[in-house]
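Since the structure is predicted, the reported quantities are computational estimates derived from the model, not experimental observations. Reckoned from all heavy atoms, side chains included, excluding hydrogens, waters and symmetry mates. Order of listing sets the numbers, starting from 1, for every ligand and every atom in it.
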Amino acid sequence: MTKIQAAITCVGGYVPEDVLSNLDLEKIVDTNDEWITTRTGIKERRILKGEGLGTSDMAAKAVQQIFDKTGIDPMEIEMLICATTTPDFTFPATANVITDKLGMKNAFGYDINAACSGFLYSLTTAAQFIETGKFKKVIVVGGDKMSSILNFEDRATCIIFGDGCGAVLLEPNTEGFGVVDSILRSDGAGRAHLHQKAGGSVRPASIETVMAKEHFVYQEGQTVFKFAVKNMADVAYDIMQRNNLTNEDVNWLVPHQANKRIIDATRDRMGVSEDKVMINIQKFGNTTNGTLPLCLWEWENKLKKGDNLILAAFGGGFTWGSTYIKWAYDSK
Ligand code: UT7
């Protein structure tokens, strides 16, 4: 029987218009452009402004781009997975909101929350549905409105994150292109170092939690950094080994954009040259579930059929992982 793989056949993306630069942040918290640039690689990030706008609004724009580019009718989509850590609501799932907003009445969907590794978890999950042969058109959209959970009085976190979403269309491929392999890992012991303290069932929202600013990102930066550097680099290297890929075989490293120094460590471990690494952290910062699809979106025109892509991420949870994709199409 011919093996069915899940191939990405189109990419969409959306970042809000409003730019928050390092110089803007200098006016809000005790920081400076030089510190942010050298420690993280970030120069500016996008912020979603506007009353009543959430992650689904950005996600819907990213998914709409797929419909515009391919001419596919929203009714043809069978399933949508939304990777997000900043859902519109605790329930229903943001996926439901997106499918409703775009008239995808035949699609079922759900959210996956694996923090910064959410896009890889979702892509891997969606690929399984395609590989069964039962599903022909599945969308994975990843992104976050991180500004909704940022404390703009905390210079250690508010400088890192930004808002944005990217989306991919998955279709069956029987010629060897698509998602080839994934390694996904998690370690819940890491939750102490990166989490949102309140708003869940353990500590529901109250006047006290709001006053204590517990609805924002809490991060012990250095600890997270140490785990991220090691685990993201290791897992990217492991997937190369498992698939007999040398550094020459890898055409592109698509890394989670949390910190340029983490990206460099991953690239070093893999032994790939700088020109093969997708980096847009300087423009968008860390959009959490949005970083990987936003890279694919920006680089789509440079990708060639048969290119070997290694995607890698590390995030809260802790979660981390790597996915090997054999790219399925030349840009038009
Ligand atoms: O995507 C999800 C996973 N998250 C990550 O991968 C993030 C991993 N962590 C990081 O990227 C880095 O730890 C940060 C960028 C968050 C922080 O960089 P760092 O090099 O680890 O800095 P640090 O926390 O060790 O702080 C060094 C110094 C401290 O001052 P003292 O104690 O040495 O006087 C901080 O108070 O830098 C200070 N500092 C700042 N200074 C200017 C912290 N934030 C800032 C700031 N501007 N924004």
Looking only at protein heavy atoms, what sits closest to atom 29 (C) of ligand 1 is R155 NH2, 4.7 Å

Atom 17 (C) of ligand 1 has as its nearest protein heavy atom W35 CH2, 3.9 Å

heavy-atom search around atom 12 (C) of ligand 1 in the protein gives N259 ND2, 4.0 Å

Requested in this report: Please confirm whether V224 comes under 4.0 Å of ligand 1, counting heavy atoms of the residue only.
Outcome: yes

Does some non-hydrogen atom of C116 fall short of 4.0 Å from ligand 1?
yes

Flag: protein heavy atom within less than 4.0 Å of atom 20 (O) of ligand 1 = yes

Next item on the list: Answer yes when D57 and K61 have at least one side-chain N-carboxylate O distance shorter than 4.0 Å, and no when they do not.
Entry: no

message: Using a plain distance cutoff, I'd like to know if N32 has any nitrogen or oxygen under 3.5 Å from a nitrogen or oxygen of ligand 1.
response: no

Contact region, I262 to ligand 1, non-hydrogen atoms below 4.0 Å, reads side chain

Atom 24 (O) of ligand 1 has as its nearest protein heavy atom Q222 CG, 4.2 Å

re atom 4 (N) of ligand 1, the protein heavy-atom contact at minimum distance is Q219 OE1, 3.1 Å

Handout entry: Distance flag for atom 39 (N) of ligand 1, protein heavy atom under 4.0 Å
Key = yes

Honestly, for T31 the part within reach of ligand 1 (heavy atoms, under 4.0 Å) is both

Original post:
Does G221, backbone or side chain, put an N or O under 3.5 Å from an N or O of ligand 1?
Top reply: yes

If we number the atoms of ligand 1 from 1 as shown, the ones under 4.0 Å from a heavy atom of A258 are 1 (O), 5 (C), 6 (O)

Taking atom 33 (O) of ligand 1 as the reference point, report whether a protein heavy atom occurs under 4.0 Å from it. no

- Message: I want to know if ligand 1 touches R39 in the polar sense, i.e. an N/O pair below 3.5 angstrom.
- Response: yes

shortest atom 1 (O) of ligand 1-to-protein heavy-atom contact is with N286 ND2, 2.7 Å

